[in-house]
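One structure is given here, and the rest of the page talks about it.
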Amino acid sequence: MTEVESMAAAEERRKRQRFVAKWRGEYCFWVVVNGDRKPLVDLSLEGFAMPATSPPSSSSDFEFVLQRINVPDEIRGRARVVNYLSAPEGGQAGCRFESFDGDGQARLRDWLTTHVIMNATVRISEKDALKIVEGRSLV
């Protein structure tokens, strides 16, 4: 089995809810890897998916920087590719967080909680939004 087939065959690793990385139809989260900035497909407390036209190496961790629209804050850390989906319009790599610099994990929780509140179609409290962010995956 090739590395790509192995990654594609891997079972879903995310246990927590993932969120589409758009707000009002526009990308609102990006990742910078090796100086290349890409919009995220989705984001969760456990990892993210990013566009990838070819399968990235899953043999080692890589450094990342997460960015959010209109916010100068960044989250840095290390991640690892855990799967790859090929598609005619371009593929996507699923990545798992391995570590965060400083309080990056807590700030990511805050980012996602704010994202849930901003995207809610009904009024939602911060406490309820945090429950959604920390809750089990519905997918």
Side-chain angles (χ1 to χ4, degrees):
M1 181 179 286
T2 69
E3 181 178 2
V4 173
E5 291 168 332
S6 175
M7 287 190 294
E11 71 179 67
E12 175 59 44
R13 288 175 167 77
R14 290 193 217 180
K15 304 298 182 213
R16 297 223 169 98
Q17 184 62 35
R18 62 175 87 175
F19 302 94
V20 173
K22 289 186 173 185
W23 182 61
R24 296 186 177 174
E26 300 292 325
Y27 290 105
C28 59
F29 295 107
W30 292 268
V31 66
V32 179
V33 177
N34 295 326
D36 188 20
R37 185 176 190 242
K38 298 178 180 187
L40 291 182
V41 175
D42 65 46
L43 180 62
S44 77
L45 290 177
E46 294 174 333
F48 58 89
M50 65 179 177
T53 55
S54 61
S57 171
S58 64
S59 62
S60 62
D61 295 357
F62 61 89
E63 291 183 5
F64 69 84
V65 178
L66 295 178
Q67 299 175 333
R68 190 172 80 165
I69 192 169
N70 298 326
V71 178
D73 189 24
E74 296 181 332
I75 296 173
R76 295 175 178 270
R78 297 192 66 79
R80 176 180 298 265
V81 174
V82 293
N83 64 32
Y84 177 77
L85 300 171
S86 180
E89 65 279 358
Q92 122 181 354
C95 305
R96 180 182 64 224
F97 295 123
E98 295 293 322
S99 64
F100 291 94
D101 292 357
D103 65 347
Q105 189 170 29
R107 286 186 293 124
L108 177 60
R109 183 175 282 109
D110 291 344
W111 283 17
L112 290 173
T113 300
T114 300
H115 185 64
V116 168
I117 292 168
M118 289 174 36
N119 279 291
T121 56
V122 296
R123 179 176 256 166
I124 185 171
S125 71
E126 184 175 343
K127 182 179 176 180
D128 288 338
L130 181 58
K131 285 180 184 178
I132 292 168
V133 168
E134 293 180 334
R136 298 206 38 86
S137 177
L138 301 175
V139 178

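Side chains are part of it too, since the values below use all heavy atoms of this structure and drop only hydrogens, waters and symmetry mates. Quick note: residue numbers are just sequence positions, from 1.
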Distance, nearest 0.5 Å, that separates OG of S99 from CZ of F64: 7.0 Å

Can you tell me how far the OG atom of S44 sits from the CG atom of L108, to the nearest 0.5 Å? 7.5 Å

Residues 31-41 side chain polar contacts: donor-acceptor under 3.5 Å, at least two apart:
from, atom 1, to, atom 2, distance (Å)
R37, NE, Q67, OE1, 2.7
K38, NZ, P51, O, 3.3

With sequence neighbours left out, write down each residue that passes ring-ring contact (aromatic ring centres under 6.0 Å, His included) with F100, or none if nothing qualifies. F97

What residues, two or more places apart in sequence or in another chain, satisfy side-chain hydrogen bond (donor to acceptor under 3.5 Å, both in side chains) together with D73? R107, W111

Looking only at heavy atoms, which two atoms of L43 and F48 are closest? And how far apart? CD1-CB, 3.9 Å

Please test V65 against I75 for side chain to side chain contact (heavy atoms under 4.5 Å, CB included), starting from the C-alpha separation and ending with a verdict. CA-CA 6 Å; V65 178; I75 296 173; over 6 Å; no

Check this for me, if you would: do E63 and R78 make a salt bridge, where the nitrogen-to-carboxylate-oxygen distance has to be below 4.0 angstrom? yes

Kindly compute the distance separating CD (Q92) from CG (N83), expressed to the nearest 0.5 Å. 8.0 Å

Hey, any chance L66 and F62 share a hydrophobic cluster, counting ILVMFWY side chains that come within less than 4.5 Å of each other, even indirectly? yes

side-chain hydrogen bond (donor to acceptor under 3.5 Å, both in side chains) with R68: which residues, sequence neighbours excluded? none

Please name the pair of heavy atoms, one in V81 and one in C95, separated by the smallest distance, quoted to 0.1 Å. CG2-SG, 4.0 Å

For D128, give me all partners under side-chain hydrogen bond (donor to acceptor under 3.5 Å, both in side chains), at least two apart in sequence or on another chain. S125

To the nearest 0.5 Å, what is the distance between CG (D42) and CE (M50)? 12.0 Å

Contact list for residues 115-127, test salt bridge (charged side-chain N to carboxylate O under 4.0 Å, His left out), sequence neighbours left out: none

Contact list for residues 50-62, test salt bridge (charged side-chain N to carboxylate O under 4.0 Å, His left out), sequence neighbours left out: D61-R80

Are F29 and H115 packed together at the side-chain level, in the sense that at least one heavy-atom pair is separated by less than 4.5 angstrom? yes

